[in-house]
Each structure stands twice: as structure tokens, then as C-alpha cells.
Amino acid sequence: MTYDPAVTEARWQAAWDTAGVFTAKRDARPKYYVLEMFPYPSGRIHMGHVRNYTMGDVIARYKASCGFSVLHPMGWDAFGMPAENAAIERGGHPKDWTYSNIADMRAQMKPLGLSIDWSREFATCDPEYYGQQQAMFLDMLAAGLVYRKAAVVNWDPVDMTVLANEQVIDGRGWRSGALVERRELTQWFFRISEYSGELLAALDGLTDWPEKVRVMQANWIGKSRGLQFAFSTVDAPEGFDRLEVYTTRPDTLLGASFAAISADHPLAKHLERHDPAVAAFVAECRRGGTSAEAIETAEKMGYDTGIRVRHPFDAAVELPVYVANFVLMDYGTGAIFGCPAHDQRDFEFATKYALPIPPVFVAEGGEEAALTEAYVPMKSDRVRYLRSFAGLPVQTGDEAVTSAITFCEEKGVGRGVTNYRLRDWGLSRQRYWGCPIPVVHCPTCGVVPEAKANLPVRLPDDVTFDKPGNPLDRHPTWRDVACPKCGGAARRETDTMDTFVDSSWYYARFTAPHALTPTVAEDAAYWMNVDQYIGGVEHAILHLLYSRFFARAMHKTGHLPAKAIEPFNALFTQGMVTHEFYDRSVNLTAPGEATEPMRYEHFLPENVVTFTVGDERFALLKKEVRDAGVDESNPGALQSFMIEGRNRRVRIGPSIKMSKSKKNVVDPDSIIARYGADTARWFVMSDSPAERDVEWTASGAEAASKHLARVWRLADEIAQSVAPATDDDAVLARATAKAIAEVTAGIEGFAFNKAVAKLYEFTNTLMRSGAGGDAKRRAMVVMAQLLSPIVPHLAEDVWGMLGGAGLVTQAAWPLADPALLVEDSVTLPIQINGKRRAEITVPKDMPAAEVEKRVLADDAVIKALAGLAPKKLIVVPGRIVNVVI
RNA sequence: GCGGACGUGGCGAAAUCGGUAGACGCUGGGGUCUUAAACACCCUUUCCUUUGGAGUACGGGUUCAAGUCCCGUCGUCCGCACCA
């Protein structure tokens with residue numbers, strides 16, 4: 001008998017299935033909902049998935065053992081562009097591609113032995129799912145949470161589609177290479193900005209979320225407090241006698257030297273129509289790229305409109321109004337005043353256009369002088385005002401801003417305004433493979449919601465991707481419908497929803513996945529919220545913010561209870577699985593040797609032999625090494641072989657995220673086939689803390705596998721042991737209690753690497769223990785229980801060998817006997833002047849005075865004291881003793 | 001530029017309250033078993049000028065005691081970024 005995961009893992013999975021142990025049930029037990037971010041069905045699972053789902057599985061299995069009714073579901077985030085791209089490139093239908101990928105990935109996931117309730121599985125492209133999404137959309141439309149407005153988008157004129165910012169590379173469409181145009185289209189928006197303040201404030205309550213994520217969301221929402229006021233204009237066109245601006249620095253208002261408006265500002269648009277020079281400048285502004293570098297290097301440009309505005313505190317002062325390329329229409333009012341003395345960007349602009357630079361204040365002790373750059377005081381700096389609002393005390397920082405707002409309000413100049421950076425969420429996509437937006441455009445009735453009875457608005461199957469653009473646009477029988485209101489000829493909305501909508505409520509759908517309504521009140525009330533959500537930090541902003549908004553919108557429309565407006569009680573962001581990569585871009589040759597380009601396409605982790613020469617590591621193809629009969633374990637032989645075959649050498653690069661393009665992907669399939677799922681699970685939980693990246697190494701996988709085999713053999717041996725009881729039985733019982741306490745703490749704290757380390761330690765202890773057979777069997781039973789969340793198949797094997805009743809998966813989590821956790825005696829280190837010099841073992845409860853006596857009698861202490869009395873003697877009971885000489 | 005996190009052996013890392021720095025694992029070295037190997041098991045692996053000394057990026061400080069707290073410097077990583 002040996003450890004044979006290939007056989008036993010399948011058997012235990014079948015046993016769990018038969019017993020239906022993972023089916024989530026509403027009952028009297030407290031519930032626990034653990035969810036990992038659901039995958040996009042790309043076709044293959046990767047090690048990142050394995051790590052993500054294993055973490056969730058450890059939590060789910062642990063909580064189940066602790067007596068919770070656990071919900072641990074799985075589904076597919078199945079809409080999106082890759083399916084359409086596949087259809088365009090290879091023919092076929094996005095639907096077929098997607099469902100076949102789902103089948104492949106499910107087949108790869110099942111052997112991992114995850115405790116998932118597969119009866120709740122769904123894909124977001126199932127009409128049963130997106131039909132309910134459409135129903136909610138209609139409710140949200142009725143509630144005013146969705147609206148239509150014109151918005152500027154990136155338009156690819158060749159592919160005839162809207163592109164996301166990430167799909168625009170150097171101003172060109174990523175696929176067509178065509179120059180992208182900025183087009184104004186009427187699109188649908190969620191009114192998320194209405195919730196800016198609430199979404200920001202509620203972050204404080206998310207104490208079980210990573211601080212990092214909360215900070216990122218707060219920055220994204222971007223709250224600022226400032227003054228909004230109107231300049232009166234001079235020589236402006238009719239209807240533009242006022243110009244509203246927003247500023248967070250009203251305290252520098254007396255340093256104003258110009259005003260600037262966005263190229264998209266209504267005034268600029270008006271001028272554009274009448275003045276070709278403005279039109280040319282505005283067109284130039286709109287062409288600018290949106291990438292970070294483009295913005296970084298873009299020169300500040302302005303066009304003097306000839307219009308003037310009067311300073312609100314001195315009508316005699318007139319400031320020029322520029323159209324400027326750096327002013328954004330969708331922040332504030334799309335217009336600013338410039339204070340070059342105290343804002344670097346304004347300073348550059350003023351310098352370029354020879355505008356005055358009047359300072360408002362100088363550093364305390366400093367004199368007014370020509371500035372070479374804007375003076376922006378630090379928080380700690382003290383300043384001297386040169387111009388200040390009459391009667392206002394001199395202040396700096398936030399105080400100055402606040403009192404300047406109050407001052408201006410009292411003088412009737414504008415009002416204090418809180419602004420957010422967060423903009424409404426545009427959800428329209430001119431794409432086929434997404435959830436259809438359930439509205440109809442009627443020439444007489446306008447925009448008409450589809451009748452709920454007609455839901456789901458199904459995607460038509462008979463579409464082709466041979467022409468650019470959205471196939472829904474040229475599908476007459478789908479597109480042309482009767483108006484739900486008047487019955488006249490109308491057109492269906494052909495835009496589909498952003499896939500982020502799909503993922504903004506799937507967690508709620510899992511609570512009643514097959515219901516004929518989006519959610520079911522009792523189920524949502526029982527299962528919500530998600531107690532533990534686990535996923536990648538790359539979703540820290542968009543997905544998580546949209547979900548938080550959506551839960552609120554669902555509550556407002558009656559689809560979620562009030563307690564679920566923050567749907568994720570705890571969030572954990574896990575690190576990636578990385579792997580070294582085989583750097584074929586560098587051709588390493590001995591001096592004087594000719595180089596040839598390398599053409600090896602098979603440098604995948606499972607195909608190579610690695611070895612080290614000096615500080616550098618190299619990889620060779622396993623097949624070639626074997627064919628040549630070279631000793632794989634001999635670095636020297638490998639090195640000679642490498643030098644002979646000058647094209648075979650590949651330098652090993654640093655460990656980076658696994659990706660196809662780097663050819664450093666370790667396929668979970670091949671690992672499971674070779675070692676079994678438990679080895680893969682054990683490995684991804686060990687070594688690195690869960691929130692950090694973990695490096696996949698062949699030696700680490702090998703070691704994991706060996707350890708599990710060792711545990712199996714140990715269980716086998718202990719099961720048959722007839723050794724009589726010994727004095728070590730009590731010692732082992734204590735070690736067992738300690739292992740329970742520490743592994744439990746590790747799992748509870750998401751410190752799986754520590755739990756794994758404790759299990760290694762406990763195994764070593766048990767192997768070396770001189771305890772009797774019965775004592776060892778008791779310890780080994782606990783071992784099986786402690787192992788079961790992480791390596792459940794092996795745990796069942798061990799449980800079975802020791803005669804455990806039923807399945808260890810269904811056994812209660814072991815409790816550590818508190819009495820056994822307390823040691824009778826403690827070993828205290830003795831420090832002399834803070835350095836450890838000796839130790840002393842004393843009974844646990846020995847009084848400090850008695851400990852002192854013993855310490856002073858210690859040889860090392862006597863020697864160090866050399867007959868003198870210690871200056872100070874510090875005894876920290878149960879911890880340490882420090883003798884100060 | 002703004003915001004955040006982090007810096008510990010050859011490597012991944014532990015050290016929960018300020019209290020024995022390096023648990024556990026990998027790698028390397030040595031050994032037992034074997035004709036030999038594989039497997040397994042055992043020992044060893046922070047550094048040095050080793051009766052001892054130094055050491056948690058660097059420089060200071062607080063303390064009986066600092067990886068942990070405070071001040072400063074350097075470095076790495078991440079997020080946002082023409083946001084008025």
C-alpha cells in the first residue's frame with residue numbers, strides 16, 4: 001500500500017458527491033457565505049485560479065466543520081469581448097466558444113476537490129441570468145437610477161465600435177490600427193455619482209477590507225471641498241454673461257491672473273461655430289492622447305478668446321479668458337481661474353503667455369520677488385500675506401480654504417461646493433456578446449422600456465461577424481419590433497451592457513440562482529452578506545465599487561434587504577502565482593563563438609532541465625538532454641552539453657506572473673496528473689503569505705508531494721502500531737493541543753502559510769514521538785482533521801485508516817483542551833544587559849521574588865556580576881529575565 | 001506630482017502585547033541504507049578575525065529590553081494622476 005492520489009482523490013470526490021455534503025441549505029445553523037471572484041471562461045484554468053479557489057475552499061471547509069451552514073458557489077463571468085474576437089478570428093459563434101470553454105474549465109476544476117455547491121452554478125450569458133438583470137434594469141430605470149445622455153467616446157471608424165481607453169494605443173484602435181475619433185454618442189448611464197458621498201463615507205465601516213483597497217476607492221471617488229462662483233464677462237457672446245468656475249483654493253483668489261475653459265465647454269463650442277481659429281484650436285485639443293505619457297509631455301496650450309472676466313473682488317481688474325487644453329469638461333464646471341503664483345501648472349501657462357503673476361503670500365521672513373516657480377507652501381510653512389481678504393485672519397492650509405469659502409459666501413461671491421471625481425458609469429457597449437439593454441426606440445413614444453412579460457430580450461443566435469460593427473445593428477428581425485406602448489414600428493436598442501454590470505450582482509443571484517425573479521427575499525435575507533470575499537487586487541476599484549453601488553440600487557428597487565447594501569463583509573486580496581521564465585531573448589555564448597537565433601518553442605516549465613553555473617541559471621530541453629544520454633543530475637555534464645549545442649542555452653529569468661507570452665505557465669492539469677490535487681493545494685497554501693505572490697518551483701512541488709506521502713506512511717504505520725503507553729503520551733497530547741490552537745489561528749487569520757508550517761512541525765513531532773500506539777492514533781486523528789481543509793483527500797485517507805466514522809469532511813473541528821495548552825514549567829531566557837546569556841527553567845507559577853533568587857544563583861549570572869550587586873533585576877513572569885549590571 | 005505599502009540568511013519566510021531573531025519549507029554541504037542508484041532516514045546550513053563578537057536597508061533617539069515605538073535618510077513595489 002502506498003499513497004496513490006490518482007485513485008483516492010477521485011474516490012473521495014465521488015463519496016462527497018454521493019453524500020451531497022456541499023449542497024448549501026437554509027436551516028437553523030448560523031450561515032457562512034464564502035465567495036471567490038468568479039472566473040472569466042477563457043478556456044483553461046491556471047495556478048492563480050487554483051490558489052484563489054483553494055483559499056476559499058479552506059475557509060469554506062473550515063467553517064463547515066465549525067458548524068456553519070456554508071454557501072460556497074461557483075459561476076462564470078461569461079460575456080465579453082474575447083468571445084467575439086474568437087468568433088471574428090476563427091469563425092464560429094461566441095456562444096459556442098463560451099459554453100465549450102466553461103465545460104473545459106469545469107472539467108479542470110472538479111479534480112481539485114473544491115467544496116462547491118455545483119447545483120447553484122450559472123453563467124452570466126444564460127438568458128435565465130441576464131433576463132433577471134434586464135428586469136432589474138427596468139426597475140432601476142423607473143427609479144431614476146439609469147438615464148441617457150450624450151457622451152464623448154473613443155470611436156474606431158474601421159471596426160465601427162466604441163473602444164475603452166485601454167484599447168486605444170498611441171491614438172489608434174488596438175485591433176484596426178485606425179486613428180481613433182472622439183465621437184459624441186447618446187449612451188446609458190448609472191447614476192453612481194449620486195452615491196459618491198455615501199460610497200465614500202461607508203468605506204469607514206468596511207473594517208475587514210484591506211486598508212489599501214479602501215484608500216484606492218477613496219482616491220477614486222476623489223472628494224474635494226471648494227468654492228464655485230461666477231465671473232461676470234466682458235465682450236462675451238449673448239447668453240454667456242456669466243462664467244462659472246470651481247476652485248479648491250479660494251484663498252488664492254486675489255492672485256488670479258486669467259480664466260480658462262475646456263475645449264468642450266459650451267462657450268468654446270459656441271465660439272467654435274463662429275471663429276475658425278477657435279475651431280482649429282479646439283480640434284487640436286481634442287486630438288490629444290489620453291495616455292499617461294501623452295498627458296505628461298503635452299504642452300500647456302491656450303487660445304485667447306478676447307473675452308474678459310471681471311475679478312469678483314475688484315471689478316476694475318479684467319482677466320483674459322483662454323480655451324486651454326488642460327482643462328477638463330467633466331470636472332467642476334469645466335472652467336477655472338488661474339493663480340500662477342501658487343499653482344505650478346498655472347505658472348507655466350502664465351509664463352508662456354506673458355501673463356502677470358501676482359503673489360498672494362510669501363514665505364514668512366521672505367520678500368516679494370520675481371518667482372521662478374509657483375510657491376506652494378508646505379503644511380508646516382508659515383506665510384506672510386501680501387493681499388488678503390479684508391478682516392480675515394491670516395491662515396494657511398485647510399483653515400485658509402474654509403474661511404475663504406465662508407468669506408466669499410458672505411460677500412455673495414459663490415458658494416461652498418463639495419465635488420467628486422467619480423463620474424456616472426457609462427454602461428452602453430456597441431457589442432453583440434453582452435446583456436441586451438431592454439428598451440425600444442419608438443418614433444412616436446421615444447424611449448420605451450420593454451414590457452417585463454417580454455423578458456428576457458434574448459440575443460439572437462443567427463449572427464455573423466464577417467463585417468465590422470455590432471451584428472445586432474444589422475439584424476432586421478431582431479432589431480425591428482413593435483413599440484410596447486403604441487404598437488407602432490420601432491427599433492430595439494442594439495447596445496448591450498458593460499460586463500461589469502453582470503458581475504455587480506452575481507453574488508446576490510447565488511442565493512437563489514434558479515428563481516424567476518432576480519432574488520428571493522427569504523434567501524437573500526438568510527445568505528447575504530458575503531461573509532468572506534476573495535479575489536485579485538486588480539478589482540480593487542471598478543468591480544468592487546460598482547458592486548457596492550449596485551447593491552444599493554438593488555435595495556432601492558426592492559431586490560436586496562437593507563443589510564446588504566454593503567454586500568461584502570470581509571474582503572481578502574490574494575497574491576499571484578509566479579514562476580521563473582526562460583529568457584530566450586538573450587543568446588549566451590562563450591567568447592568568440594558565433595551566435596544564432598533561437599527558435600525553441602517548447603521551453604515550457606515541464607519540458608526543461610535547469611542547472612546553475614556560477615550566479616546564473618540555465619535551462620535545457622529535457623528531451624534533448626535525454627536523447628543525448630546526458631546525466632540530468634550532473635551540472636558539469638549539462639554545462640558541457642550546453643556549450644556544444646550552442647543554440648540550446650536559455651537563461652533563466654526572474655519569477656514573474658505566469659503568462660502565455662512568457663511561456664512560463666505551469667498547467668494545473670499536468671501538476672494534478674503528476675502529483676494529485678492535494679499537492680497542488682498544499683503548495684499554493686504554503687511558503688508565502690496569502691496576500692503576497694507565491695513562486696511556483698518544481699522543487700517546492702516535489703517537496704509538497706513528498707511531505708503528503710510521508711503523512712500517509714505515518715498514518716499507515718500508526719494505524720497498525722501496538723506500542724504500549726509511555727510517558728511521552730502526555731507530551732504528545734500537549735503537542736496536539738498546541739497544533740490545534742495554532743492551525744486554527746492560522747486559518748482564521750488567513751495565514752495559511754503559518755498553518756502549513758505548524759502542520760509540518762506537528763508531523764515532525766509525531767514522527768519522532770516515543771508515545772504509545774493509542775496516543776499516536778489520537779494525535780493522528782487530529783492531524784486528519786487539521787489537514788482536511790487544505791488537503792481534504794489525504795485527510796479522508798488518513799481518517800479512514802484510523803477507523804474514523806463517516807467522512808472527516810463532515811466531522812466537527814477539533815477543540816484544543818485549554819488545560820493542555822498551559823505548560824507546568826517555563827524556560828526563561830536570562831539576559832545580562834539585554835543580551836541572552838543563560839536560561840532557567842522554573843515552575844510556571846513561581847513568584848517573581850523566588851525567580852530572582854534562582855537567577856542570582858545561576859553560574860553565568862554569578863560570573864558576570866563578579867561579586868557586585870546588579871543595578872536592576874527585571875523579571876517578566878513567564879517571559880524573560882533581564883539582569884542590569 | 002499625490003496617495004499607500006514594504007525593506008529580516010543563498011531563497012520563500014516566522015517572530016500576535018516591545019521580551020530567546022531566523023519557526024517551517026526550499027537550496028547547498030555531510031552521512032546512514034544500497035553492488036550502485038532511486039526512495040527513505042539522520043546531521044548541518046545568518047555572518048565573522050570563534051574562550052568570543054556582530055547582525056533585521058542606513059543614521060540617530062526612547063527603553064532594563066527595539067525587527068517591532070519615534071525622527072531622519074536611502075531603496076523597492078503598487079495605485080491614481082493636466083482633478084483646478
Side-chain angles (χ1 to χ4, degrees), chain A residues 2 210-220 222 224 226-227 245-250 252 259-260 262 288 290 292 294-300 324-328 330-339 343-346 348-349 376 419-423 537-538 540-541 612 615 633 655 683 686-689 691-695 697-704 706-707 709-710 713 742 745 749 751 753-764 767-768 827-839 870-876 878-885:
Chain A
T2 51
E211 179 66 20
K212 177 193 173 119
V213 173
R214 290 192 287 162
V215 167
M216 279 163 75
Q217 291 215 354
N219 289 343
W220 187 261
S224 71
L227 179 77
V245 300
Y246 171 73
T247 178
T248 55
R249 295 297 309 278
T252 65
S262 163
T290 53
I295 288 162
E296 195 77 33
T297 54
E299 204 180 340
K300 311 282 173 269
N325 64 343
F326 59 84
V327 181
L328 305 172
D330 47 11
Y331 188 78
T333 62
I336 61 161
F337 83 80
C339 175
D343 181 282
Q344 186 57 27
R345 189 194 52 207
D346 292 348
E348 284 165 26
F349 190 83
V376 184
N419 240 312
Y420 295 93
R421 210 182 68 99
L422 183 66
R423 296 163 213 166
V537 74
E538 66 274 19
I541 297 174
T612 308
D615 287 341
S633 60
S655 198
F683 183 94
S686 57
D687 284 343
S688 285
E691 67 277 11
R692 247 181 270 179
D693 291 351
V694 64
E695 184 184 2
T697 60
S699 56
E702 194 68 37
K706 281 181 184 175
H707 177 72
R710 185 158 49 227
R713 284 195 308 272
E742 288 178 339
N753 56 324
K754 286 193 253 172
V756 167
K758 292 302 167 192
L759 285 164
Y760 268 112
E761 207 177 323
F762 186 38
T763 308
N764 291 339
M767 276 180 90
R768 285 158 204 171
T827 300
L828 302 177
I830 298 174
Q831 289 184 338
I832 292 169
N833 289 336
K835 295 280 175 198
R836 185 182 177 282
R837 284 291 182 270
E839 60 181 35
K871 271 196 203 138
K872 211 167 184 182
L873 187 57
I874 291 144
V875 177
V876 184
R879 285 245 154 196
I880 203 164
V881 179
N882 195 6
V883 184
V884 185
I885 296 170

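Chain letters run A, B, ... following the sequence lines, proteins first and then strands; every chain starts at 1.
The OG atom of A:Ser699 sits 9.5 Å away from the NZ atom of A:Lys706 when rounded to the nearest 0.5 Å. A distance of 11.0 Å separates CG in A:Asn419 from OG1 in A:Thr247, rounded to the nearest 0.5 Å.
Within the 4.0 angstrom heavy-atom criterion, only backbone atoms of the sugar-phosphate kind lie near A:Asn764; the bases stay farther away. Residue-level contact check: A:Val537 touches neither bases nor backbone, having no heavy atom under 4.0 Å from any strand. No engagement by A:Ser686 is indicated, since no non-hydrogen atom pair under 4.0 Å with the nucleic acid exists. Residue A:Tyr246 is classed as a base contact, given a heavy-atom separation below 4.0 Å to a base. As judged by a 4.0 angstrom heavy-atom cut-off over every strand, A:Arg768 is placed among residues touching the sugar-phosphate backbone only. Counting non-hydrogen atoms under 4.0 angstrom, A:Lys871 reaches nothing in the nucleic acid. As judged by a 4.0 angstrom heavy-atom cut-off over every strand, A:Val876 is placed among the base-contacting residues.
Using a 4.0 Å cut-off between a side-chain N of Lys or Arg and a carboxylate O of Asp or Glu, A:Arg345 and A:Glu348 do not qualify as a salt bridge.
Between A:Asn753 and A:Val694, the closest side-chain pair of non-hydrogen atoms is not below 4.5 Å. Under the 4.5 Å side-chain criterion, counting only non-hydrogen atoms from C-beta, A:His707 is not in contact with A:Val756. You'll find the side chain of A:Asp343 stays beyond 4.5 Å of the side chain of A:Arg249, heavy atoms only.
For A:Thr247, the side-chain atoms get nearest to B:rA84 when compared with the rest of B:rA40, B:rA84, B:rC80. Comparing B:rG79, B:rA21, B:rC83 by their nearest atom to the side chain of A:Ile541 picks out B:rG79. Nearest to the side-chain atoms of A:Pro829 among the listed nucleotides B:rU20, B:rC64, B:rC80 stands B:rU20. Closest to the side chain of A:Phe326, from the set B:rC26, B:rC64, B:rC82, is B:rC82. For A:Arg713, the listed nucleotide lying nearest its side chain is B:rC41; candidates were B:rC24, B:rC41, B:rA81. Minimum atom distance to the side chain of A:Met767 is reached by B:rC41, of the listed B:rA21, B:rG3, B:rC41. The nucleotide whose nearest atom lies closest to any side-chain atom of A:Ser699 is, among B:rC82, B:rA81, B:rU27, B:rU27.
Between the side chain of A:Asp346 and the backbone N or O of A:Cys339, at least one donor-acceptor pair lies under 3.5 Å.
B:rC33 and B:rU46 have their P atoms separated by 27 Å, given to the nearest Å. Spacing of P atoms, B:rA38 relative to B:rG31, comes out at 14 Å, to the nearest Å. Taking atom P on both B:rG22 and B:rG29, the two are 25 Å apart, rounded to the nearest angstrom. Atom name P, nucleotides B:rC71 and B:rA5: the rounded distance is 14 Å, in whole Å. Taking atom C1' in both B:rC70 and B:rG18, the straight-line distance is 13 Å, to the nearest Å. Here, B:rU45 and B:rA37 have their P atoms 25 Å apart, quoted to the whole Å. Taking the P atom of each, B:rC24 and B:rU44 are spaced 11 Å apart, rounded to whole Å. The gap from the C1' atom of B:rC48 to that of B:rG55 amounts to 10 Å, rounded to the nearest Å.
Heavy-atom nearest nucleotides on RNA chain B were determined for A:Met216 and for A:Gln831, and the one closer to the 5' end corresponds to A:Gln831. Residue A:Glu839 is the one, among A:Glu839 and A:Tyr331, whose nearest nucleotide of RNA chain B lies closer to the 5' end (criterion: closest heavy atom).
For A:Arg710, a side-chain nitrogen or oxygen approaches OP1 or OP2 of B:rC41 to under 4.0 Å. Contact between the side-chain N/O atoms of A:Tyr760 and the OP1/OP2 oxygens of B:rG25 is not found at any separation under 4.0 Å. Within the 4.0 Å cut-off from OP1 or OP2 of B:rC78, not a single side-chain nitrogen or oxygen of A:Lys212 is found. The shortest distance between the side-chain N/O atoms of A:Arg345 and the OP1/OP2 oxygens of B:rG1 is not below 4.0 Å. Between A:Arg214 and the phosphate of B:rG4, there is no side-chain N or O to OP1/OP2 separation shorter than 4.0 Å.
What you find for A:Arg879 and A:Leu828 is that their closest heavy atoms are N-CD2, 3.4 Å. Closest non-hydrogen pair, A:Ser224 versus A:Tyr246, comes out as OG-OH, 2.8 Å.
Just one of A:Ile880, A:Val881, A:Val883 meets the side chain to side chain contact (heavy atoms under 4.5 Å, CB included) condition when paired with A:Val875; it is A:Val881.
The partner of B:rU16 cannot be assigned: no Watson-Crick or G-U wobble pair with both contacts below 3.5 Å exists in any strand. Within the shown strands, nothing qualifies as a pairing partner of B:rA36 under the Watson-Crick or G-U definition with both distances less than 3.5 Å. Base-pair partner of B:rC41: B:rG31 (Watson-Crick or G-U wobble, both distances under 3.5 Å). Under the Watson-Crick or G-U wobble criterion, with both distances below 3.5 Å, B:rC77 is paired with B:rG4. Under the Watson-Crick or G-U wobble criterion, with both distances below 3.5 Å, B:rG67 is left unpaired in every strand shown. Using N1 to N3 plus N6-O4 or O6-N4 for Watson-Crick, or N1-O2 and O6-N3 for G-U wobble, each under 3.5 Å, B:rU51 pairs with nothing.
Distance, A:Leu328 CG to B:rC83 P: 7 Å, rounded to whole Å. One interatomic measurement links the two molecules: CG of A:Asn219 to C1' of B:rG1, which rounds to 13 Å at whole-angstrom precision. The distance from atom CG of A:Asn833 to atom C1' of B:rA65 is 10 Å, rounded to the nearest whole Å. If you take CG of A:Asp343 and P of B:rC2, they are 13 Å apart, rounded to a whole angstrom. Straight-line distance from the CG atom of A:Asp330 to the P atom of B:rA84: 13 Å, rounded to whole Å. Rounded to whole Å, the distance from CZ on A:Arg421 to P on B:rC2 is 17 Å. Atom P of nucleotide B:rC83 and atom CG of A:Asn325 are separated by 12 Å, given to the nearest angstrom.
With hydrogens and angles ignored, a donor-acceptor pair under 3.5 angstrom links the side chain of A:Asn882 to the base of B:rC64.
With sequence neighbours excluded, the residues satisfying ring pair (Phe, Tyr, Trp, His ring centres under 6.0 Å) with A:Phe326 are A:Phe349. Evaluation of the ring pair (Phe, Tyr, Trp, His ring centres under 6.0 Å) rule for A:Phe337 yields no partner, not counting sequence neighbours.
In this entry the base of B:rC17 is syn relative to its sugar, with a glycosidic angle within 90° of 0. In textbook terms, a nucleotide whose glycosidic angle is within 90° of 0 is syn, and B:rG9 is one such case.
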Pairs under 3.5 angstrom, nitrogen or oxygen only, protein versus nucleotides 8-15 of chain B, please.
residue: B:rG12; atom: O2'; partner: A:Ser688; partner atom: OG; Å: 2.8
residue: B:rG12; atom: N2; partner: A:Asp687; partner atom: OD1; Å: 3.4
residue: B:rA13; atom: OP1; partner: A:Arg692; partner atom: NH1; Å: 3.4
residue: B:rA14; atom: OP1; partner: A:Asn753; partner atom: ND2; Å: 3.2
residue: B:rA15; atom: OP1; partner: A:Lys754; partner atom: NZ; Å: 2.4

